[in-house]
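Beneath this line is the structure, given in structure tokens, with notes to follow.
Below, each value reflects all heavy atoms present in this structure, side chains not excepted, and no hydrogens, waters or symmetry copies. Residue numbers start from 1 in every chain, and the chains themselves are labelled A, B, ... in the order their sequence lines are given, proteins ahead of strands.
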Amino acid sequence: MVLADLGEPPVVRRTIRDRVRDGRVIAPIAVIAYLCSGVYVVPADQQAVVVRWGKVVDSRVPAGVHWTWPSPIARVYRLRVRETRRLTLGLDGVDPLNRSQFLTADRNVLNIRLVVQFAISDPAAYLFRAQDVNALVANAARGALAQAVAARHVDDLLTTEKVAVQERVQALAEATVVRYECGVTLLGVVLDSIAPPDDVVEAFRHVAAAREDGDRIVREAESYANGVVPVARGAAAQRGEEALAYNTQVVNTAAGDAARFSGIADEYAKAPRETATRLYLETMDEVLPKIDKTIVGADPKAVDLQFVKKP
Amino acid sequence: MVITRAYLRLSVIALAALLVWLSTFTVSETDVVIVTLFGRPMRTSADAGLHLKWPFESVLRFDRRLMVYDPGSSEFLTKDKKNLVIGSAVCWRIVDPGRFFQTVGDATGAEMRLHDLVWATLAAAIGRLDLSDLLSVDPDRAHVQAIGDRVRSAATVETERRFGIAVVDLQLKRINFPEQNKYAVFARMRAERDRIAKEYRAKGEELAIKIRAEADRQRSQLLAEAYRDAEKLKGEGDAEAARVYGQAYGRNPQFYKFLRTLESYKKILNEKTSIILSGDSELLKLLTQGRVPDGAR
């Protein structure tokens, strides 16, 4: 419009078209547009690895907006580095049942499900050092498990050694994974499930029941002992107390009797005849009223005993 | 004129671009590259980045990442003639791309060769061991990892020399009895469980009997000791009493006899007693004769 006002519109229009045809306008625009396409965004939960001409030039690009050379010069790989990755090995349908079976040191078969958790520690190594990192981690854990289980008895595995096995598997698998240098760290290994195969699980339950029985029998015996011994101890204490009581009684009675005798004997020493007569008569006072008496003459040589018989 | 010049310029640019394209190549982080001249290997490069070459040279790429190969499970025989199903995982990578290219070519070919070699080496290794060398609580005998390592180092010598492949790791990830042996294995496991169950019960019984016997013994001992102590105490009491009596009565035995006799009368004579008293007895003399005994004043 402005140019039209200047009165030379055809010349201007042709010039622009020529320049476009020459590429002097479109080429810079294309170049700028191309360079702009190198802008990329890394989300908050991710990190990026930038590869230029096939070579890693930046292995840890943080979250945010960045620029690099566009394709095909450079390529950007985004990774969720903070995410914990989880692999479940065995019993999960993908893995046929006998694949999750392991042999123990005492030649028993156990079904074991293992959960492996790992995280990316080196994004560039994770991307470019191994073809299938999950398979590497899974095999390392499985190999470690096979070895750990082969060195333990089935009863220990099912009861006390579970945690120890877990730690052993983790240590072994970790060493293997470190050796692979595939950019991951093992965070943990969990024996998710460990059980005898279905065909023999009943027999294992019987053992558990038998162990319970054994414990119960022992507990019953202990309760018997706990009943018997204190009762005996009580009876013993009672006997002791009774003996002590007898002892005290006998000794004190003796002391009392002796004191009394001494008293009367003193009296007797002062007046033997009178005391003796008094004691004799006092006794007769006490004794004779209760009894059946027959008094006969002064010469009792012939007494008809019929006569003295009680009515 | 103008058009021909423009075309000329364009073709120069295109030619230059083609020349650049032909004389450069990139090596990815995952690759190792052989530069060949009419099929003849000239040099190898594992340096990631942009490289130069002659335009008529061509490039062969090989994956140099760590690969996992699962040869599947196979049956092996131990020295003591036990069948075992062993599954392994082989980690390998190309270390000599030239040899790899000449002898193997691609990953599938590599896996075929690895399968044969690993199987043969593993079979030989297992055949030299008893089952108890694999399965044992003795850490010096549990050889699972050791066998993996041994097979790996034996295999890798061969594969590196022949195929340009390094066997980086070999894990024995599956050790099991063959499916057809499972029935016998389970029967043995069940029998063993039964034995252990019986053992638990028997041990419980044994311990219970011991506990009961111990309790009974304690009871007997407690009662016997109590009896012993009690009798001793009583005896001591009796002795003491006898001593006290003896001491007291010893002062006047005659009088004691008299007094004690009177005491006995009190006890002996009761309602059932009949007594015939003579009229001239000491007690009744006064009653029958009516006079004061001699000596009374």
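Only the side chain of A:Arg260 comes within less than 4.5 Å of a heavy atom of chain B; its backbone N, CA, C and O stay farther away. A:Glu241 does not touch chain B: none of its heavy atoms, backbone or side chain, sits under 4.5 Å away. With a 4.5 Å cut-off on non-hydrogen atoms, A:Ile264 touches chain B through its backbone and its side chain both. For chain B, no part of A:Arg219 is nearby; none of its heavy atoms comes within less than 4.5 Å. No part of A:Val231 comes within reach of chain B, as not one of its non-hydrogen atoms sits under 4.5 angstrom from that chain. Both the backbone and the side chain of A:Phe204 have a heavy atom closer than 4.5 Å to some heavy atom of chain B. Neither the backbone nor the side chain of A:Ala124 comes within less than 4.5 Å of any heavy atom in chain B. There is no contact between A:Leu172 and chain B, counting heavy-atom distances below 4.5 Å. Contacts between A:Thr248 and chain B at a heavy-atom distance below 4.5 Å are absent for every atom of the residue. Contact of A:Val218 with chain B is made through backbone and side chain together, with heavy-atom distances under 4.5 Å. If you measure heavy-atom distances from A:Ala269 to chain B, you find no contacts under 4.5 Å at all. Interface remark: A:Arg129 contributes backbone atoms only to the contact with chain B (heavy atom separation under 4.5 Å). Using a 4.5 Å cut-off between heavy atoms, A:Arg152 contacts chain B through its backbone alone, with no side-chain atom that close.
By the 30° and 60° cut-offs, the orientation of the rings of B:Tyr249 relative to A:Phe261 is perpendicular.
Between B:Arg201 and A:Asp215 there is no salt bridge, since none of the side-chain N atoms of the basic residue sits less than 4.0 Å from a carboxylate O of the acidic one.
When the side chain to side chain contact (heavy atoms under 4.5 Å, CB included) test is applied to A:Glu286, the partners found at least two apart in sequence or on another chain are B:Lys266.
A salt bridge (Lys or Arg N to Asp or Glu O under 4.0 Å) check over residues 242-260 of chain B, counting only residues at least two apart or in different chains, returns the pairs A:Asp266-B:Arg251, B:Glu240-B:Arg243.
Ranked by non-hydrogen atom pairs under 4.5 Å with chain B, the options A:Ala255, A:Ala105, A:Gly240 are led by A:Ala105. Ranking A:Glu222, A:Glu212, A:His206 against chain B, the residue ahead of the rest is A:Glu222, based on heavy-atom pairs under 4.5 Å. Across A:Arg52, A:Arg179, A:Glu242, A:Glu220, the residue that shares the most heavy-atom pairs under 4.5 angstrom with chain B is A:Arg179.
For the atom pair B:Asp169 CG and A:Tyr180 OH, the distance stands at 3.5 Å (nearest 0.5 Å).
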